[in-house]
Amino acid sequence: MTATAEPVHTVDASRVVRDHLWMHFASHNGQDEADTPVIVRGEGAYLFDDKGKRYLDGLAGLFAVQVGHGREELAEAAARQMRTLPYFPLWGYAHPPAIELADRLAASAPGDLNRVFFTVSGGESVETAWKLARQYFKVIGKPTKHKAISRSMAYHGTSLGALSITGIPSAKAPFEPLVPSTIRVPNTNFYRATEHADDYEAYGLWAADRIEEAILFEGADTVAAVFLEPVQNTGGCFVPPPGYFQRVREICDRHDVLLISDEVICAFGRLGTAFGADRFGYQPDMITTAKGLTSGYAPLGAVMISDRIMEPFQRSNDMFMHGSTYGGHPVSCAVALANLDILEGEGLYQHVRDNEEAFRTTLSKLEDLPIVGEVRGAGFFWAVELVKDKNTRERFTDEESTRVLRNHVSRELFANGLYCRADDRAEPVIQFSPPLICGPEQFQEIEQIVRGALTSAWKLL
């Protein structure tokens with residue numbers, strides 16, 4: 001008789017969490033394992049735990065579940081592919097789901113981004129893009145161009161290369177020394193602007209010009225790429241001011257630096273367009289994606305690559321010495337194709353554009369609370385920044401952030417049926433990124449739950 005694993009639904013969850021499960025980005029010091037939430041089911045915009053309690057998924061899992069939970073079409077697509085070809089690598093071979101998905105992505109990507117390199121995750125997509133940028137310049141005879149520029153507090157992944165590009169000091173410190181040759185420039189947090197604080201567009205151009213300043217300081221012959229999110233996640237949904245990306249494009253062209261649009265969160269409808277570059281009208285040299293490509297139903301990422309970057313590899317014997325076992329997995333590609341069918345067939349990009357203003361207006365009601373400094377974002381990607389004083393924009397102390405945001409607000413939101421993110425890696429913010437199927441009913445539910453949590457939080461300051 002062959003021993004079989006104990007079915008997950010019969011195990012003592014608190015024992016397994018205590019003895020075996022190492023959760024991601026989670027403190028295990030003094031944790032009461034019995035209180036660890038166990039989510040067992042998703043349906044539409046809602047999640048259900050093992051006790052039957054319902055939660056509004058205000059973060060789309062992790063900025064991923066665009067089409068909502070429980071879509072049978074995606075499960076059926078995975079099952080069909082598993083019966084036909086459950087796995088085969090793309091290492092010098094191809095399979096139909098990857099071929100069809102690459103064709104479809106190339107057709108929808110902006111400009112000449114006609115090549116698709118499949119990965120497994122967003123961080124791997126960023127890692128791939130940096131490696132490709134470095135090798136590209138070697139192939140064309142500019143081997144010293146290898147450095148990467150990114151913005152302060154921007155998150156780009158956890159592998160050593162992507163983490164090196166990441167601009168969050170606290171995320172990097174435990175793993176230093178990291179990959180050298182990464183440089184930080186200011187982000188576009190206009191709420192905290194110290195330059196051109198009365199002129200949004202001038203501030204954006206100032207922030208873009210800091211990229212050129214960094215290129216010149218490092219030496220243009222050493223800089224390979226600039227990594228930018230269309231809307232920066234960490235810090236709370238920093239939207240680019242008018243003209244920002246157009247100025248960055250000019251700077252990159254002037255110094256022969258690749259502009260890489262990190263759209264792991266922003267692509268596939270989060271901003272109401274297929275790609276964030278479409279929303280803000282700029283042309284990248286590469287786009288990194290994951291998350292919404294499959295709505296999180298299967299792990300898959302992709303790097304969209306311009307003809308310019310592919311061309312020297314086609315006319316030389318140079319091989320891009322990079323890949324992974326599961327990059328372009330046939331089941332994941334099949335799920336992605338079915339996911340794109342839903343996004344396009346149900347008009348979810350247009351749905352986001354149609355409902356963006358209603359989402360903003362509903363969240364903006366929270367600005368009557370003394371603890372709310374600003375509501376900002378775009379599409380279905382919004383943040384509420386918290387302050388001690390609305391007039392001076394005084395920040396929380398570290399102790400207050402822990403006590404008020406993490407220990408109170410975060411717990412209150414979840415206890416009252418809302419799953420979202422309360423984050424203080426930069427400023428204390430609450431972030432919302434619900435499934436794209438949501439509408440005014442869910443927006444109002446979010447506002448009411450957040451209002452209750454913030455009203456009680458103010459009393460703790």
Side-chain angles (χ1 to χ4, degrees), residues 110-113 125-157 161-169 172 178-190 193-196 201-232 234-235 238 240-263 276-277 280-288 303 305-306 308-309 312:
D112 69 341
L113 302 187
S125 292
V126 170
E127 193 93 8
T128 298
W130 192 20
K131 290 178 72 175
L132 180 55
R134 291 163 72 114
Q135 188 177 355
Y136 163 75
F137 282 114
K138 285 181 169 59
V139 172
I140 67 170
K142 297 183 177 183
T144 60
K145 291 177 76 68
H146 64 283
K147 297 176 183 177
I149 294 174
S150 60
R151 293 185 292 202
S152 171
M153 301 310 297
Y155 176 83
H156 293 287
L163 183 59
S164 300
I165 296 171
T166 289
I168 307 171
K172 300 152 74 83
L178 297 174
V179 182
S181 307
T182 65
I183 303 102
R184 235 61 59 211
V185 294
N187 56 45
T188 59
N189 182 4
F190 185 60
T194 57
E195 301 282 344
H196 302 288
E201 186 170 352
Y203 172 73
L205 297 178
W206 171 86
D209 286 344
R210 302 288 71 75
I211 294 174
E212 183 165 44
E213 184 177 79
I215 292 171
L216 293 173
F217 181 82
E218 296 293 327
D221 60 339
T222 71
V223 179
V226 177
F227 286 79
L228 303 173
E229 297 165 275
V231 175
Q232 182 172 315
T234 304
F238 300 147
Y244 173 82
F245 273 108
Q246 289 68 32
R247 177 67 65 86
V248 173
R249 180 71 269 176
E250 293 171 3
I251 292 167
C252 289
D253 288 342
R254 185 154 54 240
H255 300 290
D256 196 15
V257 171
L258 301 181
L259 173 54
I260 300 174
S261 189
D262 183 357
E263 306 203 15
F280 297 111
Y282 64 95
Q283 180 60 54
D285 298 295
M286 286 189 258
I287 294 177
T288 57
V303 184
I305 303 158
S306 71
R308 165 195 173 192
I309 296 171

Within a strict 4.5 Å, meaning less than it, do heavy atoms of the L259 and F227 side chains meet? no

Taking side chain as C-beta onward, heavy atoms only, is V303 less than 4.5 Å from L132? no

Look up atom NE2 in H156 and atom OG1 in T288, then write down how far apart they are to the nearest 0.5 Å. 8.0 Å

So, taking the atom named CD1 in I149 and the one named CD in E213, what distance separates them when rounded to the nearest 0.5 Å? 10.5 Å

Side-chain contact test, heavy atoms from C-beta onward, threshold under 4.5 Å: evaluate it for K131 versus T128 and give yes or no. no

With a 4.5 Å heavy-atom cut-off, do P312 and Y136 have their side chains touching? yes

Any idea which heavy atoms bring P284 and L113 closest together, and the distance? O-CD2, 3.5 Å

Could you list all the salt bridge (charged side-chain N to carboxylate O under 4.0 Å, His left out) pairs where at least one residue sits in residues 135-156, not counting sequence neighbours? K142-D256, K147-E218

State, to 0.1 Å, how close A214 and I183 come at their nearest heavy-atom pair, and which atoms those are. CB-CG2, 4.1 Å

Return the minimal non-hydrogen interatomic distance between A225 and I260, and the atom names on each side. CB-CD1, 3.7 Å

With F190, which residues qualify under side chain to side chain contact (heavy atoms under 4.5 Å, CB included), at least two apart? A193, Y200, Y203

Can you name the residues that form a side chain to side chain contact (heavy atoms under 4.5 Å, CB included) with E201, not counting sequence neighbours? D199, P242

Can you tell me how far the SG atom of C252 sits from the CG atom of L228, to the nearest 0.5 Å? 7.5 Å

Heavy-atom distance under 4.5 Å between the side chains of V223 and H255, does that happen here? no

Distance-only, no hydrogens or angles: does the K172 side chain make a donor-acceptor pair with backbone N or O of G167 under 3.5 Å? no

Using only atom types and a distance under 3.5 Å, with no angle test, would you say the side chain of E127 pairs donor to acceptor with the backbone of G161? yes

What is the distance from atom CZ of F245 to atom OG of S261, rounded to the nearest 0.5 Å? 6.0 Å

Could you walk me through whether R308 and D285 pass salt bridge (charged side-chain N to carboxylate O under 4.0 Å, His left out), step by step? CA-CA 8 Å; R308 165 195 173 192; D285 298 295; 3.4 Å; yes

Any idea which heavy atoms bring L205 and G243 closest together, and the distance? CD2-O, 3.7 Å

How close do E229 and A154 get, heavy atom to heavy atom, and via which atoms? OE1-CB, 3.9 Å

Just how far is it from atom OG of S150 to atom CH2 of W130, taken to the nearest 0.5 Å? 9.0 Å

Do E263 side-chain atoms and A277 backbone N/O form a donor-acceptor pair below 3.5 Å? yes

Tell me whether Q232 contacts the main-chain N or O of S152 through its side chain, where contact means a donor paired with an acceptor under 3.5 Å. yes

Whether S164 side chain and L178 backbone form a donor-acceptor pair below 3.5 Å: no

Step-by-step side chain to side chain contact (heavy atoms under 4.5 Å, CB included) determination, I251 to D209: CA-CA 8 Å; I251 292 167; D209 286 344; 4.1 Å; yes

Between OG1 on residue T182 and NE2 on residue H146, distance to nearest 0.5 Å: 10.0 Å

So do the side chains of R254 and E212 get within less than 4.5 Å of each other, counting heavy atoms only? yes

A208: what forms a side chain to side chain contact (heavy atoms under 4.5 Å, CB included) with it, not counting sequence neighbours? Y244, R247, V248

Can you list everything that forms a side chain to side chain contact (heavy atoms under 4.5 Å, CB included) with I168? Sequence neighbours excluded, please. M153, Y155, T166, S170, A171, T234, R425

Which atom names give the shortest non-hydrogen contact between A207 and N187, and what distance separates them? CB-O, 4.2 Å

In short, salt bridge (charged side-chain N to carboxylate O under 4.0 Å, His left out) pairs touching residues 180-190 with sequence neighbours left out are none

Between Q283 (side chain) and G111 (backbone), is there a donor-acceptor pair under 3.5 Å? yes

